Each structure stands twice: as C-alpha cells, then as structure tokens.
Amino acid sequence: MTDANLMTVPDAAADPARRKRSEALYFAVRNPKLIVGGTVLVALLLLAIVGPYLTDNPPNDYVGPKASPPSGDYWFGTTTFGQDVFSQFVHGLRTTFVVGVLGGGIAALIGMAVGFTAGYRGGRVDEFLNMVTNIVLVIPTLAVLLVVSAYLKARGVLVEGLFVGFTSWPWAARAIRAQTFSLTARDFVDLARLSGLRTRRIIFREIAPNMSSYLVMTWILLFGGSILIAATLDFIGLGPTNGTSLGLMMNNAVLWSALQLGMWWWFIPPGLGITAVVGGLYIMNVGLDEVFNPRLREL
Amino acid sequence: MLRLDHVSKSFGLGAFGSRSFLAVDDVSLRVAPGEVVSLIGESGSGKSTIGKMILRLLPVSSGSITFQGEDVSTHTGKALKAYYRRVQGVFQDPFSSYNPIFTVDHALDLVRREYLGDLSGQEWRRRLTSVLETVSINAGEVLGKYPHQLSGGQLQRLLIARALMLDLRFLVADEIISMLDASTRIDVLNLLGDLKTRGLGILFITHDLSLGNYISDRTVILRHGAVVEMGATGLVFGNPCHPYTRALLSAVPQLHARWGAAPEQQAPPVPGGSAPGRQAPGTPGATTTAVPPAGLVATVERSRTAPGRRAALVEIEDDHFVAPTGNG
Amino acid sequence: MSVQVKDLKVYYRTLRGDVRALDGASFTIADGEIMGLAGESGCGKSTLGRSLIAIDGRMRYVGGSVSLDGAALPLDDQAAMARHRFTAVSLVPQYAMSAMNPTRKIGKLVTDLLRSRGIAPDTVLGEFRRRLELVGLSTDVLARYPIELSGGMKQRVVMVISTLLDPSLLVADEITSALDVSTQKAVAEAVVEFRDRGFVASTIVITHDLSILVQMADSIMIMYAGKPVERASTDAVVSSSRHPYTRLLLSSLPEVGVRYEEHRLSGIAGRPPSLLNPPPGCRFRDRCPLAFAKCAEEPPFVEVAPGHSAACWKA
C-alpha cells in the first residue's frame, strides 16, 4: 500500500445520498423489464385519463346497433344492448385504477405500519399486533361488507376503495412483519443503533429499503386484489351505484352469454385490461428488484 | 474502566413471557484501559449476550454495568448516544454487518451524520485517511464498493475504522475473526493488539481458546451463563483449576500434539477451605478427573429458569479466580 | 489403491464465464487412510469433495478421472453416479440435519432413506443400532425429532446413516466446524473409529481447521486457488512442509499452550487470485515471499520426498 493511495479518499464519499440516487436511476433506465412494465402501465394510465375524452358516448347508454363487432364507429364494438364497449372500457379502466390505488394504498399503509412495528419491536407489542391482525384476518369480509352496505345509501368508487383497503391489509402486515423480523436480526441494524440512529430512521432508511421490491410487490398484489374484490362486489350489486368498471364489464359479458355468442370484443378488452395492469406492475417489480439489489444487478 | 457487577439476563419464553430462561447468571468482571479481556465460552454460554448488554442492544435483567464511573445500564436517548461515542462493537458476520443495498461507505456516513456533522469535508477526509491507515486499509480499494465485493477481512477492518472515527475508548469484539480465513484473521487480531497499546479497553468474545490465549491479557471462561474461571491469561491457560476449563483445554485440537498424547496437566489443588464443603473428603477442589463438558454426553442441563444464588468465585492465587466446583 | 483421482477439473458456470474452482487435482488415497483436505475458503476443497459425490447443475465436469477400487466413477453421467452414491461413495455434509424434515422422527427418516435406496430396513437396522451405540448414542434417538438432538449428536447420527452400507469412500465436509470444542472431539473420534472398524475404506475430511486434521488424519492435502499445493503425511505437513503457502499458513495459527508475550504471528498479505480468469504460473506467487522469475511458469505437482508431493519450484 502506498501513501499516495491513502491520501486520496474518493470525493464520492462526501455526498453518498446523491450518488446513490443517481446510481439507482442509472440502472433503472437501463433495465428492460422496468421499462416494458412501466410503459404498459403508463400507457394504460394515459388511456384511462384521456380515453373518456375520445368518445362522446356515455358508457352505459344504448347508443348504437346491438352486438356489432368492432368498427370505425365503435372501436371495440357494442354490447348486446348497443352500449359502446370502448367507452365502457376507458371509463372502467379509470375506476379500476382509482379502486386499485385507493384500496391497495390504504391496505399497504396499514399493513406497513403494523408489520414494521410488530417486526421491529417484537415481544409484547408484536404479540398484541399479531392478535389484532389475526382477528381482522378471520372476519368474514363479505358478510361485513353486505351489512355495512345495507346502511349506506350512496356508494361511490371512494367508499368501495376504503372498504377494500380496510379489510385486506392483514396478510400484508404478516408478510412485512416476517420480513422485518429477519432483517432486524441482521447485524447492520445493531450497528445502526450503535451509530445513534433513531428507531424511525432505522426502520425507514435501513430496513425498508432492503425490502423495497418486496413492498412494491405487496402493493402490487394488494392493488390486483383490490381490483378483483371490487369486481366481485360489483357483481353482487355492492359496487358503485351508477358507474362502470372492468370487473362489472366482465361480469355483464358473462351474464349475457358473450362467451357463447362469440362476442369476444365484449369480454376480451376488460380481461386484457386487468391482466395488463397487474402484469405490467409485476414485470416492473422484477425489474425494480434488479435495480435495488446490487447482487442481482451483476448477473 | 468498564465493569459488570452481578449482571444477569433472563429471556421470556412462551406466550406473554410465561416462562423464562436465564442466559447470563450473576456475572461480574472488569476491563481496564489498555487491556484485552477474552470472554470464552461454547455456544449457549451467554458470551454474546454479555457483549450485547454492554452495547445496550439488550437490557440487563439485574445488576449494573459501569463505564468510566457512570452506571450506563439505564441510559437512554442523549446519554446513550454519548455512550456510543466511546463504546462500540464489531460483530461476527462481516457481511451481515453492512446494509447490502448501500456501499460500505454508508456505515461511515451514519457515524458522520450522527456524531461528526460539524466536521468539514476536508477535516472528515483527513481523519478518515489517518484512521484507514491505522487499520491498514487502502481507501481506493475499499471505499465506494459494495459489501459483497470485498473480503471479510477488509470489511471487519473497515468496521473497526468506523468505531475509531469516534472517540473510542472501549470495543466489544464479538467473534470478529471467526468467519475470516486463517491467513488473514491473525492480522485483524494483531490490529486489536495495536489498539490496546493506544489505551483502548477491548472485550474479545470468542469460542476459540487459542485466539483468546494469543491476544488477551485476562481471560474469563463462561459456562451456562456463569463465570467458572477467570484471571490473567497465563494463569488460566497455564494452571487451569476448574474441571470445565481443563476439559475444554484438553479438547482443543492442537497442531503439535494429539489428543490424549499430552500428559495430563498437574495443577495445585485449591487451597483447603476455599471451596467450601461441596466435595467429598479427600477430593481436592480441582481434581484431574475431567468433568465431561456440555454436549459430550447428553446430560440434563441444570434448571436455568431462575437466578440461583451463586457462590462467590474463589481467588486461588493473585488474579486467578475459580468457581467452587459442583456449582457450574 | 482404493481411490485414485487424476487431473480432475470441475468449473462453476456463471454468466461471466467459468470459475475454475477445481483446476486439476491428482492424488490417491489408500484403503484405511483418512486424508485431510485443507485450505481457505474458495480454494476448491469443497468442490473437490462434492464432485466425488455429485456434480450438480451449477458445476461443469471439465476433465480428469476418478477410480474407486479400480473401477472408474462415471462423473459425467449423474444418473449412473446415483447408483454409486450411498453404497460406494457417501457424503456427510456440514448441516445435514437442518436439511432434513423436522417433522419426522429420526427412525422414520432412516427407514424412508433406506427404502428409497431399495434396501429393506429390517436387514440393516440392527447394525444401525449397534453403530449408534458405538459412537456413544443411545438408540433412543430413533424415536426423537432432529430438533431434539445437539449439533454433535446430529452429526454423528448422519455419519452412521451415511456409512451404513460400508462405502469405499466417505467425504466428510466441514463436519466439525459448526460444533463446540468438546463436541468436535467426539465427532472426530467417531471418524477414526469407523475407519478402524472398517466401516469405511477411505475417508476424505474437508476442513479449514488444520489442527483438527492433526488429530484425525493420516495424510493432509493443502489446496490453494483451485489446485493442490502440497500432500504428505500429517507429521510431514506440520513439521517439514515444503510449500511456502503451507508454511505461512501454519505459522499464522495461534496455539493453546504457547505464550505470545513478545512475539507476534503474522498472516499472509494479499488475496488469492480470481478463479474466473486465473493468471498463468504459480497462483500463489503474488503473495509468496520466495517468488522468483520461474514462478511465472506453473510448477508441477511432483514428489519432492518419498510420499511427499508439492507444487513449488523451490520445494
């Protein structure tokens, strides 16, 4: 070892935060999975935002010929009743995103708060939170929703999202708790404590980033789950009172025998839409894992 | 400089701590500045628990830990943070000691952020350069790398450097070289020796008797959470008096002797009356009949659910203490 | 000559190319011989041990041969190797028991294993019990779950299981490293006992701990960066080693029973070369105090004294 080497502590050490961020960005823009997943998602999101302005047809009005296949006038064709499938699709996509983001977001927030606290604190706190989690887990969600809905006059997308969010967090909490538990046992957490870091900072800056892809994955599953639960609710008449959603579309298609009648344009767009949203998120997640985990990055 | 007085630690087991397990049982020891004390024990002896209690990563159940005259066992908040400025630890697994998603610099940055925020970039680099020189690390080879790109030896040195950036007075080194390769571990051990000459107190926790023998001034032998023998390293290794210590020493594989080939060490018996009334007449306190250590035979461990009243250690010669036999 | 290995090469596949973990090893082990295989992490000792048992998907058999009692082992055909495993060659891994189903009792584990190998358990269970007692275990362990046994007990149970059919070669991979000092001894003594009683013909004990090998091995082979560097009887390796790596390694080991008041030991500076693209010539030369111009040429692994081989121009 020479003195020259010792004299030059790299300047990079001076501002690690900025370097870290630009590094993640560097790998992010070069990760094909992240780009593909992100593109699909952004495209669908844009469609959900812009789509409704591209058509003058209200989604649930009987505007056109009955059961016509896709054409220049009705891009995705019409339903048995002459509703514009394209209009339904873009409006439904919007609803789907709102329910997914809201339901998944609320569930993820509660799940993280409970999971991080239980996993990091351990002991009595953990036992108590675990008990609460298990209680919520075994509550028959659908029955509760039925009862609650009966007392609510107006139901909108927001209410539906809240319902879904407040009932679907327990498994996320359990998953995050387990992950936090195993990370807390690692020595770097002890060293962070020895460095004088506060608990909050240790959880959010040291532990959470290690499971960022896991958290995103959790949120993706909650997102997808919310969409599916919402579709179920729509089907049994607990959905938004006057709206449309991809789930509702699919259920209507099945209800009116689109499958048997060969009206593929009725059920394929919503099915593909749900698949593309969830699939895009999933591919992004794998990509994010590679960006965040330097060990995977090298392979 | 650091002393433990009657420190015990019990862990709750079962739902809401209905049962408990005594991991550390009435341990008292002290470490002076410029001294390396080895804490030697097999798995389950409570040695790492003691290290974690000193570092306040675990609360003590009873007893006190005193550092430079102040009782630190109840410190929290600012006082604890000030304690960590002077007392630090390095652990067994170098790869688990670094957050894998950051470069190794992150470990140093945390220390800077929390303790040395008022240092200018230039001052910080000057200090870092001198500390890295102390631990023989080439800055260019190590900084900016991810943990998995470096060797275990480099990682452990850097953790020692991290501690030295503070006003380090006392270091808990918990099995810090047991995961390193033979050709590099001895140099890390020598580094501890260098730090000692600068007046640092070091608690060296290990399961490896030969390492304890090499580096330490004083040695503490633990079994089932309690001290069975302690004193100057030369005395404990040269004149082991507790049957457990003897059994351990006779089981250590050596390079130049085979098991059983070495003559049984003859130790002077414990002076009469010092190990009160626990053994049959005619049997000196420390006999040459080795008690099989834990694990050699499947013995039923003595109940460890409640802190027992431990008989005090007996000083059999200057700076050499032995637990009365029949107790551990 | 019971086990004969000739120029065995096994690489690991990675996306960046082959890692030459085992890059040419030749040696023989006599019947009744316990050979210790020592070296630092990444020297290829475990790769060597494992390739004698099974070459898995990540590993690539590159060349060389292994013969057992005169018959060649089909290293490149894992289906054919499966017939030799457990009967002719057997492995005791470091964490054997943690890989076993924790919800099954030991006895059940053993009978399942025997059945899967097409052996009627009744024919060998008597012998199994006898051998358990031989290594100091009561036959009660058969009615216990893996979690109820200590590390040393588990290790001995696994040893009894894997040697039940009297294999010609037993590979014991780091079986003592996770154990306490006192349990280490019992396991090491069991290895010697099994050899003495003829349960296994040849044994390879892989460990990073030279001093435990001194206790149990007849001969020791030291490996460095994928190649054997020295092989001799245990006494010769410890007291009159010829390879500078062996000597430096031995001199870096502290011992009980020696006072280190004044003198200090020193390690070996530097790191082994990357095995992705190892440099030509002697792989130790960057760290070797004796290196000279000729070391740029690879030293052959040759006999430097009777029964004592080394790969060094200065040996």
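So that the names make sense, note that chain A is the first sequence line, chain B the second, and so on, each numbered from 1. Fair warning: this is a prediction, and the values are worked out from it, not measured in the lab.
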Item to check | N/O donor-acceptor pair under 3.5 Å between B:D181 side chain and C:E40 backbone | outcome: no
Item to check | Any side-chain heavy-atom pair of C:I212 and B:W259 under 4.5 Å | outcome: yes
Checklist entry - Do B:S183 and C:R287 meet the criterion of a side-chain donor-acceptor pair at a distance under 3.5 Å? => result yes
Checklist entry - Which heavy atom in C:V258 sits nearest to a heavy atom in B:N213, and how many Å separate them? => result O-ND2, 2.9 Å
Item to check | Shortest non-hydrogen contact from B:A182 toward C:L253 | outcome: CB-CD2, 3.9 Å
Next on the checklist: Tell me if a side-chain donor or acceptor on B:E42 pairs with a main-chain N or O of C:S182 at a distance below 3.5 Å.
Outcome noted: yes
Next on the checklist: Please check this pair: side chain of B:Y214 against backbone of C:L265, looking for a donor-acceptor N/O pair closer than 3.5 Å.
Outcome noted: yes
Item to check | Proximity of residues 194-207 of chain B to chain C, residues having a non-hydrogen atom under 4.5 angstrom | outcome: B:D194, B:H207
Item to check | All salt bridge (charged side-chain N to carboxylate O under 4.0 Å, His left out) counterparts of C:R197, not counting sequence neighbours | outcome: C:E193
Item to check | Heavy-atom closest pair, residues B:I186 and C:S266 | outcome: CG2-C, 3.3 Å
Checklist entry - How close do C:V238 and B:L255 get, heavy atom to heavy atom, and via which atoms? => result CG1-O, 3.6 Å
Checklist entry - Hey, does the side chain of C:Q215 reach the backbone of B:A257 with a donor-acceptor pair shorter than 3.5 angstrom? => result yes
